[in-house]
Amino acid sequence: MTSLSADDSYLDHYGFSHDPFAARVPGFKFFPAQRKPVLGQLHHLARYSQLLLVVTGPEGSGKTLVRQALVASSNKQAVMSVVITPQGTADSSAVLQQIGQALNIQHADFDGVMAQIVQLALTGQEVYLLVDDAEQLTGAAVETLLRLAAGSPEARPHVFLFGEDSLVSRLEALVEGEERFHVIALQPYEEDETREYLAQRLEGAGAGLETLSEEQIARIHEQSGGWPGAINLVAREELIEAIKHSKTRKATKGWPFPLPMRHLLAVLAVLCIIAVAFLLRGGEDEPEVQTNTPLALGNAPGSAPESAAGPVTLPESPSKIEFETPAAAEPANTDSALTTAVEPANDVSKENSATTAHQDGAAPSPAVTQKEAPAPVVQPAPEPVVPKTPAPKTPEVVRPAAQPAPAASAHSAWYAEQGGNRYLVQILGTRTEKNAQTLVAQRGSDYRYFVKEHEGKPLYVVTFGNFANRAAALAAIKTLPAALQSGKPWARSFASVQKEMRK
């Protein structure tokens, strides 16, 4: 896929009021069901826990959206929310400066900030310190936030860090085994949530989910892994690719055949071969009459000329049969049909030549001719039937392709027997079933594969394991070999697999 800016042609083509998959769309709010427990947990821990709270997830996982929802759902009269967004690398003084500005403190040092927080607590107000892109904080800044989260006996702020997974290892190094923070890891969207997310994005731009086909929606979810930021990128590229394909179809609108160009070229090539074969065959019929004429004149009384005349024609016929066979669907049947069709035509030409000879009254000496007729050992006329020998090989070609079927059906039964609320890890998908079988055989009994239809063709999907929940499946991904992890495997439910298999 190629990148393209949301210019007027992109918006006009779909009738969008704005780019629905831009990084920041004003007024857009989407909060899937699985994020609501996270929000509730943050509110609960802020009320009853004294730990620094960390929300982690890869770039584009929706951390900022959770932070916005936390601020919006807080009691404005009882909570003062201070949002800190580092501009590049943020050290301790920069963080304290932003907090001081929000709390109207002249001397924004640690003691001054804590004194103001205590004063606000006396008036019944709590302070929420929320840091976006917390992985950009320096070690000193993180340590300062840990001290603020610990607070004092009189009051303490509630500190929330939203950052990538690398932030956790830095916190662990600072606390040296003490329990001073709590981590909540965000999970990717399920396919239904991806569908709802796409629908809301498109509706906000004045369109609807029908803008995307079912195949596009499934491809967007699979390629993005269910992370909202990646969904935006993949969905936008899908729409742009659709524009390019529509322009290509318009350019070839006048083409009278609804077949792809490569198929049309193949058909034309076959037609050309057949036409050349018939032309060659038609051009050789006339010389046969001239060649057979002296034989018929010299041997009119007996049957020897006819048996000799037949072989003169048959050596040409087998060559044409062999030439036309690749274009036919059933080589053996075509060979026999063409052979029987050639022989009566030779008889007719021989009769015509004999009649012409008698009418002219010519009687050339056939003595030499009769001796030459048997001489060309052309009687391998039956040899053109030899192409029938490939007929027994046809079942042998079909048999290897049918051998993997038992393994696939056995795996399909296994997937269908599992509980829909359990999880597995999807490793990869391949168009060649042999590749899937080889990988499963090499890796062991925990690896299986199932077959689904993707873009009208079978796709063989290799999976790993059977886990009680998504968290266990995600943990298992980290234990996979590096070669498999490079393919970005992802956790999914058995219910989604069973749904794809039913389709």
Side-chain angles (χ1 to χ4, degrees), residues 32-37 185-197 213-227 398-503:
Q34 64 165 264
R35 295 289 193 263
K36 292 178 181 178
L186 297 181
Q187 302 299 323
Y189 293 169
E190 298 285 354
E191 185 169 353
D192 291 341
E193 292 172 327
T194 299
R195 185 183 302 273
E196 294 173 8
Y197 178 83
S213 66
E214 288 297 321
E215 292 78 6
Q216 285 177 312
I217 294 173
R219 189 159 53 242
I220 290 169
H221 178 73
E222 185 173 354
Q223 293 183 3
S224 66
W227 297 111
V398 177
R399 199 171 297 119
Q403 287 176 357
S409 61
H411 290 177
S412 299
W414 181 83
Y415 287 106
E417 293 170 357
Q418 308 308 312
N421 59 345
R422 296 184 68 82
Y423 281 78
L424 51 76
V425 175
Q426 178 165 321
I427 302 297
L428 56 83
T430 175
R431 291 291 186 192
T432 305
E433 187 173 12
K434 185 66 176 177
N435 294 343
Q437 292 175 341
T438 302
L439 178 59
V440 170
Q442 289 177 347
R443 295 296 177 178
S445 59
D446 287 337
Y447 292 80
R448 295 176 176 85
Y449 74 95
F450 66 91
V451 186
K452 72 172 185 178
E453 184 174 327
H454 182 63
E455 297 181 350
K457 298 179 182 179
L459 183 69
Y460 303 94
V461 182
V462 179
T463 68
F464 169 71
N466 183 349
F467 307 98
N469 50 51
R470 176 181 287 274
L474 291 173
I477 292 176
K478 299 179 181 179
T479 66
L480 293 173
L484 297 182
Q485 289 193 33
S486 64
K488 296 185 178 179
W490 55 287
R492 60 182 303 187
S493 65
F494 274 93
S496 65
V497 172
Q498 293 161 358
K499 181 179 178 181
E500 288 185 348
M501 293 172 62
R502 286 195 297 271
K503 289 182 181 179

Return yes if some donor-acceptor pair links the side-chain N/O of [X] with the main-chain N/O of [Y] below 3.5 Å, else return no.
{"X": "Tyr449", "Y": "Gly429", "result": "no"}
{"X": "Gln426", "Y": "Val497", "result": "no"}
{"X": "Thr430", "Y": "Thr432", "result": "yes"}
{"X": "Arg448", "Y": "Gly465", "result": "no"}
{"X": "Glu500", "Y": "Ser496", "result": "no"}

Are Arg431 and Leu459 side-chain neighbours, meaning at least one heavy-atom pair lies under 4.5 Å?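 When only atoms from C-beta onward are counted, Leu459 and Arg431 do touch, with a gap below 4.5 Å.
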I'd like to check Arg443 versus Pro481 (side-chain heavy atoms, cut-off strictly below 4.5 Å). Are they in contact?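 Counting from C-beta outward, Arg443 and Pro481 do come under 4.5 Å.
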Distance (rounded to the nearest 0.5 Å) between [X] [atom1] and [Y] [atom2]:
{"X": "Phe450", "Y": "Leu424", "atom1": "CZ", "atom2": "CG", "result": "7.5 Å"}
{"X": "Ile427", "Y": "Gln485", "atom1": "CD1", "atom2": "CD", "result": "9.0 Å"}
{"X": "Ser493", "Y": "Gln418", "atom1": "OG", "atom2": "CD", "result": "12.5 Å"}
{"X": "Trp227", "Y": "Tyr189", "atom1": "CH2", "atom2": "OH", "result": "9.5 Å"}
{"X": "Gln498", "Y": "Ser412", "atom1": "CD", "atom2": "OG", "result": "11.0 Å"}
{"X": "Asn421", "Y": "Phe494", "atom1": "CG", "atom2": "CZ", "result": "10.0 Å"}

List the steps, then state whether side-chain contact (heavy atoms from CB on, under 4.5 Å) holds for Asn466 with Trp414. CA-CA 11 Å; Asn466 183 349; Trp414 181 83; 4.0 Å; yes
Do NZ/NE/NH1/NH2 and the carboxylate oxygens of Lys452 and Glu222 come within less than 4.0 Å?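 Salt bridge flag = yes for Glu222 with Lys452.
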Show, in sequence, the C-alpha distance, side-chain angles and deciding distance for Leu484 and Tyr447, and conclude whether the side-chain contact (heavy atoms from CB on, under 4.5 Å) test is met. CA-CA 12 Å; Leu484 297 182; Tyr447 292 80; 3.6 Å; yes
Evaluate the side-chain contact (heavy atoms from CB on, under 4.5 Å) criterion for residues Asn435 and Thr438: first the C-alpha distance (whole Å), next the side-chain angles of each, then the deciding distance (0.1 Å), finally the verdict. CA-CA 5 Å; Asn435 294 343; Thr438 302; 5.5 Å; no
Positive for salt bridge (Lys or Arg N to Asp or Glu O under 4.0 Å) with Glu190, one of Arg470, Arg195, Arg492: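 One option only clears the test, and that one is Arg470.
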Measure the acute angle between the ring planes of His411 and Tyr415, then classify it against the limits of 30° and 60° as parallel, tilted or perpendicular.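 It falls in the perpendicular class, over 60°.
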Could you walk me through whether Val425 and Phe467 pass side-chain contact (heavy atoms from CB on, under 4.5 Å), step by step? CA-CA 9 Å; Val425 175; Phe467 307 98; 3.9 Å; yes
